Engineer: 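Before we start, here is the structure in question, set down as structure tokens.
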Amino acid sequence: MFGFIRPVKDELRVREIRRFQEVYCGLCHAIRSRYGRFHTLFLSYDMTFFALVLGCTGQDGHTECRRCGASPVRARRMCCGSAAIDWAADVSVLLNYHKLRDTVRDETGARQLAARLLLPLAAPGYRKAAARLPDADREIADCIDRLAALEAGRCDSIDRAADTTARLLAAAVPPTGDARERILRQLFYHTGRWVYLIDACEDLPDDLSRGSYNPVALRFGLRAADLSPVREPLERTLEHSLADICTAFDLLGAQRDAGLIENIIWLGLPAVTRQVLDGTYQMNGGRMRHGSL
């Protein structure tokens, strides 16, 4: 995942901040206990959001105080025994591995070299996760292969390119065969679409300088890293995805963590949208900032 999905801390209650941290730490512990420490290096707030939404309609899990590598002296409260967190841990490992594999295939230079070195370290955990979630693994791999084909063909359709990441995240939903699964798939489909487009906008300067594929640049014929001429159509398509995320969450009928998740959806995602489009995102915390809020 990319690290764009995060709450607005100033608008959270104290117990919501504590709950977010408990789920974050619980997810980190679940990844470590199931797959080792290596995959905890890639943990992001995106997967914490994924775990919160998966668990918002149930009451499984409990909190415990445990020490960890990040806090070896003072024990931290973390959520344990949660099926949603365990599932999110498995999905996180799958996404980490496929992201590294995609980087090896598409990047050059130092980024490709780093991914090549990390890929063998990620492989043992990936094999365990793929054995646990074979269907999700196949769908994720298929979506990444489709995206690679679009990138190779320099596809200038932002909808076609974003659809692959959207389907990828929807494929990570647990298969229950009921209305809840359909709603979750819609919610994470539009979350994945939003993430892909936001990432493309944020990566525009680097992609233009390196000549890398960027659907936003190709769609609007951009030659400079300035989104202001195309801000209006980008805002419309991003807001459309945000509206669909809100609608799906309303249909989900959350029984726990509703206020925390609503903060992320209705405040956090729009804030990141504004920051990325006006070029102030890095000054507002940036991405992939792990640990305490």
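This structure is a prediction, so every number in the text was calculated from the model and none was measured.
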Engineer: Taking all heavy atoms of Cys143 and all of Leu168, pick out the closest pair and write down the distance.
Structural biologist: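 Closest pair (atom of Cys143, atom of Leu168, distance): SG-N, 3.5 Å.
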
Engineer: Looking at Asp163 and Arg167, is any side-chain nitrogen of the basic one under 4.0 Å from a carboxylate oxygen of the acidic one?
Structural biologist: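 Looking at Asp163 together with Arg167, the answer is yes, because their closest N to O distance falls below 4.0 Å.
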
Engineer: Any donor-acceptor pair under 3.5 Å linking the side chain of Thr164 with the backbone of Ala161?
Structural biologist: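 Side chain of Thr164 to backbone of Ala161, a donor-acceptor pair under 3.5 Å: yes, one is there.
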
Engineer: Are the side chains of Arg101 and His98 in contact, using a 4.5 Å heavy-atom criterion?
Structural biologist: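 The answer is yes, as the side chains (C-beta and beyond) meet within the 4.5 Å cut-off.
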
Engineer: With a 4.5 Å limit on heavy-atom distance, are the side chains of Phe249 and Leu184 in contact?
Structural biologist: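 Result no, sub-4.5 Å side-chain heavy-atom pair not found.
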
Engineer: Can you hop from Ile17 to Trp266 via hydrophobic side chains spaced under 4.5 Å?
Structural biologist: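 Ile17 and Trp266: one cluster.
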
Engineer: Same hydrophobic cluster for Tyr24 and Leu41, using side-chain heavy-atom links shorter than 4.5 Å among ILVMFWY?
Structural biologist: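 Shared cluster, yes.
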
Engineer: More than 12 foreign heavy atoms under 6.0 Å from CZ of Arg105: is that the case here?
Structural biologist: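 Correct, the count exceeds 12.
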
Engineer: Do other residues, nucleotides or ligands put more than 12 heavy atoms under 6.0 Å from the CZ atom of Arg146?
Structural biologist: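 At most 12 heavy atoms, drawn from other residues, nucleotides or ligands, come within 6.0 Å of this atom.
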
Engineer: Please test Asp207 against Tyr213 for side-chain contact (heavy atoms from CB on, under 4.5 Å), starting from the C-alpha separation and ending with a verdict.
Structural biologist: CA-CA 7 Å; Asp207 288 341; Tyr213 173 77; over 6 Å; no

Engineer: Kindly say whether Arg37 contributes a backbone atom to a donor-acceptor pair with the side chain of Thr40 at under 3.5 angstrom?
Structural biologist: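 Between the backbone of Arg37 and the side chain of Thr40 there is a qualifying donor-acceptor contact (under 3.5 Å).
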
Engineer: Does Phe38 have any ring pair (Phe, Tyr, Trp, His ring centres under 6.0 Å) partners at least two apart in sequence or in another chain, and if so, which?
Structural biologist: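 Only Phe42 meet the ring pair (Phe, Tyr, Trp, His ring centres under 6.0 Å) criterion with Phe38.
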
Engineer: How far apart are the C-alpha atoms of Leu169 and Tyr196, what are their side-chain angles, what is the distance that settles it, and do they pass the side-chain contact (heavy atoms from CB on, under 4.5 Å) test?
Structural biologist: CA-CA 11 Å; Leu169 200 53; Tyr196 181 85; over 6 Å; no

Engineer: Identify whether the distance between the nearest side-chain nitrogen and carboxylate oxygen of Arg132 and Asp137 falls below 4.0 Å.
Structural biologist: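 Looking at Arg132 and Asp137, the cut-off is not met.
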
Engineer: Using a 6.0 Å cut-off, check whether atom CZ of Arg154 has over 12 heavy atoms from anything other than its own residue.
Structural biologist: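 Yes, CZ of Arg154 has more than 12 neighbouring heavy atoms, counting only those of other groups under 6.0 Å.
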
Engineer: Is it the case that the side chain of Glu181 and the backbone of Thr176 share a donor-acceptor pair, with hydrogens and angles ignored and the cut-off at 3.5 Å?
Structural biologist: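 Side chain of Glu181 to backbone of Thr176: a pair is present.
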
Engineer: So, Arg193 and His190: side-chain donor and acceptor under 3.5 Å apart, yes or no?
Structural biologist: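 No pair is found: no donor N or O on one side chain lies under 3.5 Å from an acceptor on the other.
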
Engineer: Output the distance between atom CD (Glu202) and atom CD (Gln275), rounded to the nearest 0.5 Å.
Structural biologist: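 Separation between the atoms: 10.0 Å.
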
Engineer: Output the distance between atom CZ (Arg66) and atom OG (Ser33), rounded to the nearest 0.5 Å.
Structural biologist: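 That separation rounds to 7.5 Å.
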
Engineer: Decide whether Thr280 and Arg274 meet the rule of one side-chain donor and one side-chain acceptor closer than 3.5 Å.
Structural biologist: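 Not at all, the side chains of Thr280 and Arg274 share no donor-acceptor pair under 3.5 Å.
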
Engineer: Linking I/L/V/M/F/W/Y whenever their side-chain heavy atoms sit closer than 4.5 Å, directly or via other members, would Tyr97 and Leu117 fall into one cluster?
Structural biologist: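 No: no chain of side-chain contacts under 4.5 Å links Tyr97 to Leu117.
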
Engineer: For the residue pair Trp194 and Thr273, confirm or rule out a side-chain donor-acceptor distance under 3.5 Å.
Structural biologist: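 Yes, a side-chain donor-acceptor pair sits under 3.5 Å.
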
Engineer: Is it the case that one hydrophobic cluster holds both Phe49 and Tyr189, taking links as side-chain heavy atoms less than 4.5 Å apart, direct or via other members?
Structural biologist: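 Different clusters: Phe49 never reaches Tyr189 through Ile, Leu, Val, Met, Phe, Trp or Tyr contacts under 4.5 Å.
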
Engineer: Distance from Leu43 atom CG to Ile31 atom CD1, nearest 0.5 Å?
Structural biologist: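 Atom-to-atom, Leu43:CG and Ile31:CD1 are 5.0 Å apart.
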
Engineer: Starting from the C-alpha separation in whole Å, work towards a yes-or-no answer on side-chain contact (heavy atoms from CB on, under 4.5 Å) for Glu151 and Cys155.
Structural biologist: CA-CA 6 Å; Glu151 292 175 350; Cys155 175; over 6 Å; no

Engineer: For Arg13, I'd like to know if atom CZ has over 12 heavy atoms of other residues, nucleotides or ligands within 6.0 Å.
Structural biologist: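 Not more than 12 within 6.0 Å, no.
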
Engineer: Looking only at atom types and distance, does a side-chain atom of Asp257 sit under 3.5 Å from a main-chain N or O of Leu260, one as donor and one as acceptor?
Structural biologist: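 A pair under 3.5 Å: no.
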
Engineer: Got a sec, which pairs hit side-chain hydrogen bond (donor to acceptor under 3.5 Å, both in side chains) with one end in residues 109-121, sequence neighbours left out?
Structural biologist: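 Matches after skipping sequence neighbours: none remain.
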
Engineer: So Leu227 and Phe220, side-chain contact (heavy atoms from CB on, under 4.5 Å) or not? Walk me through it.
Structural biologist: CA-CA 10 Å; Leu227 291 171; Phe220 296 105; over 6 Å; no

Engineer: Look up atom CG in Leu94 and atom CD1 in Ile144, then write down how far apart they are to the nearest 0.5 Å.
Structural biologist: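 CD1 of Ile144 is found 9.5 Å from CG of Leu94.
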
Engineer: Let me confirm one number: the CG-NZ distance from Leu118 to Lys99, rounded to the nearest 0.5 Å.
Structural biologist: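 Between Leu118 CG and Lys99 NZ, I get 13.0 Å after rounding to 0.5 Å.
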
Engineer: For the CG atom of Asp46 and the CG atom of Leu95, what is their distance to the nearest 0.5 Å?
Structural biologist: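 So the gap between those two atoms works out to 10.0 Å.
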
Engineer: Check the hydrophobic clustering (I, L, V, M, F, W, Y; side-chain heavy atoms under 4.5 Å; chains of links allowed) and say if Leu277 and Val230 are grouped together.
Structural biologist: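 The answer is yes; both residues are in one hydrophobic cluster.
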
Engineer: Consider side-chain hydrogen bond (donor to acceptor under 3.5 Å, both in side chains). Of His240, Glu239, Glu232, which one does Arg236 pass it with?
Structural biologist: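 By the side-chain hydrogen bond (donor to acceptor under 3.5 Å, both in side chains) criterion, Arg236 pairs with just one of His240, Glu239, Glu232: Glu232.
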
Engineer: Do Ile198 and Tyr281 have side chains that approach each other closer than 4.5 Å (heavy atoms only, starting at C-beta)?
Structural biologist: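 When only atoms from C-beta onward are counted, Tyr281 and Ile198 do not touch, as no gap falls below 4.5 Å.
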
Engineer: Could you pull out the closest heavy-atom pair between Pro215 and Ile158, with the gap in Å?
Structural biologist: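 Closest approach of Pro215 to Ile158, heavy atoms only: O-CG2, 3.5 Å.
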
Engineer: Closest heavy-atom contact between Ala115 and Thr103?
Structural biologist: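 Closest approach of Ala115 to Thr103: CB-CG2, 3.7 Å.
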
Engineer: Any heavy-atom pair between the side chains of Leu208 and Arg223 that's under 4.5 Å?
Structural biologist: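 No, side chains not in contact.
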
Engineer: Nearest heavy-atom pair of Leu222 and Leu204: which atoms, and what distance?
Structural biologist: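 Between these two residues, the closest heavy atoms are CD1-CD2, 3.8 Å.
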
Engineer: Side-chain contact, heavy-atom cut-off 4.5 Å: Arg34 with Asp86?
Structural biologist: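 Answer yes - side chains close enough.
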
Engineer: Just wondering, do Met47 and Leu27 contact through their side chains at under 4.5 Å, heavy atoms?
Structural biologist: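 The answer is yes; the side chains approach within 4.5 Å.
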
Engineer: Determine whether more than 12 heavy atoms belonging to other residues, nucleotides or ligands lie under 6.0 Å from atom CZ of Arg219.
Structural biologist: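 No.
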
Engineer: What heavy-atom pair brings Ala200 and Asn214 nearest, and what distance separates the two atoms?
Structural biologist: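 Minimum heavy-atom contact is O-ND2, 2.8 Å.
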
Engineer: For a 4.5 angstrom cut-off between non-hydrogen side-chain atoms, does Leu267 reach Pro7?
Structural biologist: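 Not in contact.
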
Engineer: Output yes when Arg210 and Asp206 qualify as a salt bridge under the 4.0 Å nitrogen-oxygen rule, no when they do not.
Structural biologist: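 A salt bridge is absent here (no side-chain N lies under 4.0 Å from a carboxylate O).
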
Engineer: Tell me whether Ser92 contacts the main-chain N or O of Ala88 through its side chain, where contact means a donor paired with an acceptor under 3.5 Å.
Structural biologist: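 Between the backbone of Ala88 and the side chain of Ser92 there is no qualifying donor-acceptor contact (under 3.5 Å).
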
Engineer: With heavy-atom distances below 4.5 Å as the criterion, would you say the side chains of Leu54 and Pro174 are in contact?
Structural biologist: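 Side chain of Leu54 against side chain of Pro174, heavy atoms only: contact under 4.5 Å found.
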
Engineer: Considering non-hydrogen atoms only, spot the tightest contact between Ala84 and Ala51 and give its length.
Structural biologist: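 Looks like CB-O, 3.8 Å.
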
Engineer: With a 6.0 Å cut-off on ring centres, are Phe4 and Tyr45 close enough?
Structural biologist: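 Distance test on ring centres: not under 6.0 Å, no.
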
Engineer: Are the side chain of Asp90 and the backbone N or O of Ala129 linked by a donor-acceptor pair below 3.5 Å?
Structural biologist: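 No: the side chain of Asp90 does not pair with the backbone of Ala129.
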
